[in-house]
J.: 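Submitted below is the structure of interest, expressed as structure tokens.
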Amino acid sequence: MVVSLRDTDWDGVRLHVVTGKGGTGKTTVAAALALALASHGKPVLLMEVEDRQGIAQLFDVPPLPYEERRVAVAPASNGHPGGDLFALAVDTESALIEYLEMFYNLRQAGRALTRLGVFDFATTIAPGLGDVLLTGKAAEAVRRKSGGSPVYGAVVLDAPPTGRIGRFLNVSSEVSGLAKVGPIRNHADTVQRVFRSPQTVVHFVTLLEEMPVQETLDGIADLKEVGQGGIQPGAIIVNMVRKCLDLSAKDPVTHPRELEKLMAGLKAAGLAEDGELAADLAAELADEARTQRTQAGQRRLLDAAGQPCYELPLVTEGIDLAALYRLAESLREQGAA
Ligand SMILES: Nc1ncnc2c1ncn2[C@@H]1O[C@H](COP(=O)(O)OP(=O)(O)OP(=O)(O)O)[C@@H](O)[C@H]1O
Ligand SMILES: [Mg+2]
């Protein structure tokens, strides 16, 4: 048996839902987090639900079928080997067929129904149905056991963006148009029990910019508003953090005397004859100072939300597998896994 020797911020959590504004790095961060979690030695499942094959692209493997596939192995840590990272791309239609088979032994009928377009019809009259099937798959993976112990140490769900997450997770528990009784109802209730247990948290990926920060704060507030018995907010993960110039020692070169000094320095170094370069540099520095002030303000807002906060650097050369492992390591060092 693998025994973890470290405390993390999310001990006891087995379902990590990752959301955030579009394009902030949800898929990348979900993958890095999944790798970090797998480094404890147990297998971890990384799931995506948006028909985008983002995971396959990230791990440079062929498009994922509706079947759990091993895409990577986590690095060894604490003297034990890393666990396997499995990935799954869930789509509502396959999830429905699987559901029908599980509950009614109706795989063939399920296929026929989807061919006839019954599925589209069903999701039109019951808009929550598709989401229940997707979140249901995540809940099933969390609960799945083999020989009495859980198959996965953790499940990481690359979820829809903040704008759609409330509805997707059914935060306010109004199952609009969904059956009020019967197996779908029971299924929806089981899913909600998993999502509303201390085993589940929702992490928010953001950049240090106004819009994604606002969406993060709103998202956390929405979860907290539902309160007891609701879905727990998790960490704030600030992604693509740029290395910044250390401007703390002095004010940027906006003062004429500072500008003169800069000009003289550039001249002495043989880098410029006229003042143009110095003026350009001064403008850049002033710009940098402004950006840093804005980012500091956004950071303060995020800190005030009271959730654990992690930072991941901007990887200027692009995200490849090696970069993903480095991001995973960074998340571990910060206590995320
Ligand atoms: N820390 C980082 N450093 C550099 N590039 C990054 C970083 N994180 C993500 N990216 C890049 O930013 C782009 C968007 O990332 P990603 O696809 O993970 O975002 P997303 O939130 O899942 O987007 P979508 O909303 O479209 O699903 C990708 O090209 C990815 O490689
Ligand atoms: Mg994505």
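Just so you know, ligand 1 is whichever comes first in the structure, and atom 1 is the first atom listed for that ligand.
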J.: For ligand 1, is there an N or O atom under 3.5 Å from any N or O atom of G25?
T.: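 It does: an N or O of G25 is found under 3.5 Å from an N or O of ligand 1.
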J.: Could you check atom 17 (O) of ligand 1 against the protein and tell me its nearest heavy-atom contact, residue, atom and distance included?
T.: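 The protein heavy atom lying closest is T27 CB, 4.2 Å.
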J.: Looking at atom 20 (P) of ligand 1, what's its closest protein heavy atom, distance included?
T.: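 The protein heavy atom lying closest is K26 N, 3.4 Å.
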J.: Can G23 be said to touch ligand 1, with heavy atoms closer than 4.0 Å?
T.: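 So G23 counts as touching ligand 1.
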J.: For atom 28 (C) of ligand 1, state whether the nearest protein heavy atom is under 4.0 Å away.
T.: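 Within 4.0 Å: no protein heavy atom nearby.
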J.: Considering only protein heavy atoms, which is closest to atom 3 (N) of ligand 1, and at what distance to one decimal place?
T.: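 Its nearest protein heavy-atom neighbour is V315 N, 2.8 Å.
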J.: Run the salt-bridge test on E288 and R242 with the 4.0 Å N-O cut-off and return the result as yes or no.
T.: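 R242 and E288: salt-bridged.
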J.: Other residues, nucleotides and ligands only: do more than 12 of their heavy atoms fall within 6.0 Å of CD on E317?
T.: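 Yes, CD of E317 has more than 12 neighbouring heavy atoms, counting only those of other groups under 6.0 Å.
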J.: Considering non-hydrogen atoms of the protein only, which is the closest contact for atom 18 (O) of ligand 1, and what is the distance?
T.: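 So the nearest neighbour among protein heavy atoms is T28 OG1, 2.5 Å.
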J.: List the steps and the verdict of side chain to side chain contact (heavy atoms under 4.5 Å, CB included) for I237 and F204.
T.: CA-CA 6 Å; I237 301 156; F204 291 80; over 6 Å; no
J.: Is the shortest distance from a heavy atom of P313 to ligand 1 less than 4.0 Å?
T.: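 Judged by the 4.0 Å heavy-atom criterion, P313 does count as contacting ligand 1.
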J.: Check the pair L281, L266 against side chain to side chain contact (heavy atoms under 4.5 Å, CB included), reporting the backbone distance first and the verdict last.
T.: CA-CA 10 Å; L281 275 173; L266 288 170; 3.9 Å; yes
J.: Hey, which protein N/O/S atoms does the Mg ion (ligand 2) have under 2.8 Å?
T.: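 Correct list: T27 OG1.
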J.: With distance as the sole criterion, is a donor-acceptor pair present between the side chains of Q334 and S330 under 3.5 Å?
T.: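 Judged by distance alone, the side chains do pair up.
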J.: For atom 8 (N) of ligand 1, what is the nearest protein heavy atom, given as residue, atom name and distance?
T.: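 Minimum-distance protein heavy atom for atom 8 (N) of ligand 1 reads N239 ND2, 2.9 Å.
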J.: Take atom CZ in R70; do more than 12 heavy atoms of anything else shown fall under 6.0 Å from it?
T.: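 Not more than 12 within 6.0 Å, no.
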J.: Take every heavy atom of L314, measure it against each atom of ligand 1, and state whether any distance is under 4.0 Å.
T.: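 L314: in contact with ligand 1 (<4.0 Å).
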J.: Considering both backbone and side-chain atoms of G22, is one of its nitrogen or oxygen atoms within less than 3.5 Å of a nitrogen or oxygen in ligand 1?
T.: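 No.
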J.: Under the side chain to side chain donor-acceptor pair (under 3.5 Å) test against Y152, which residue among K145, E68, R14, R143 passes?
T.: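 Exactly one pass, corresponding to E68.
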J.: Measure the distance from atom 5 (N) of ligand 1 to every protein heavy atom, then report the residue, atom name and distance (to 0.1 Å) of the closest one.
T.: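 Of every protein heavy atom, I319 CG1, 3.8 Å lies nearest to atom 5 (N) of ligand 1.
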J.: Measure the CD1-NE2 distance between I236 and H203 for me, rounded to the nearest 0.5 Å.
T.: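 Going from CD1 on I236 over to NE2 on H203, the span is 11.5 Å.
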J.: Y66 and E98: side-chain donor and acceptor closer than 3.5 Å?
T.: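 Yes.
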J.: Shortest non-hydrogen contact from L133 to T92?
T.: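 Reported closest heavy-atom pair: CD1-O, 4.0 Å.
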J.: Can you check whether R52 has an N/O within less than 3.5 Å of an N/O in ligand 1?
T.: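 It does: an N or O of R52 is found under 3.5 Å from an N or O of ligand 1.
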J.: Side chains of N239 and T24: is there a donor and an acceptor less than 3.5 Å apart?
T.: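 Absent: no donor and acceptor within the cut-off.
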J.: What residue and atom, counting heavy atoms only, is the protein's closest point to atom 10 (N) of ligand 1, and at what distance?
T.: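 For atom 10 (N) of ligand 1, the nearest protein heavy atom is M240 CE, 3.7 Å.
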J.: Around atom CD of Q53, are there more than 12 heavy atoms of other residues, nucleotides or ligands at under 6.0 Å?
T.: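 It does: Q53 CD has more than 12 such atoms within range.
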J.: Could you check whether Q232 and K224, counting side-chain N and O atoms only, form a donor-acceptor pair closer than 3.5 Å?
T.: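 No - no donor-acceptor pair under 3.5 Å links their side chains.
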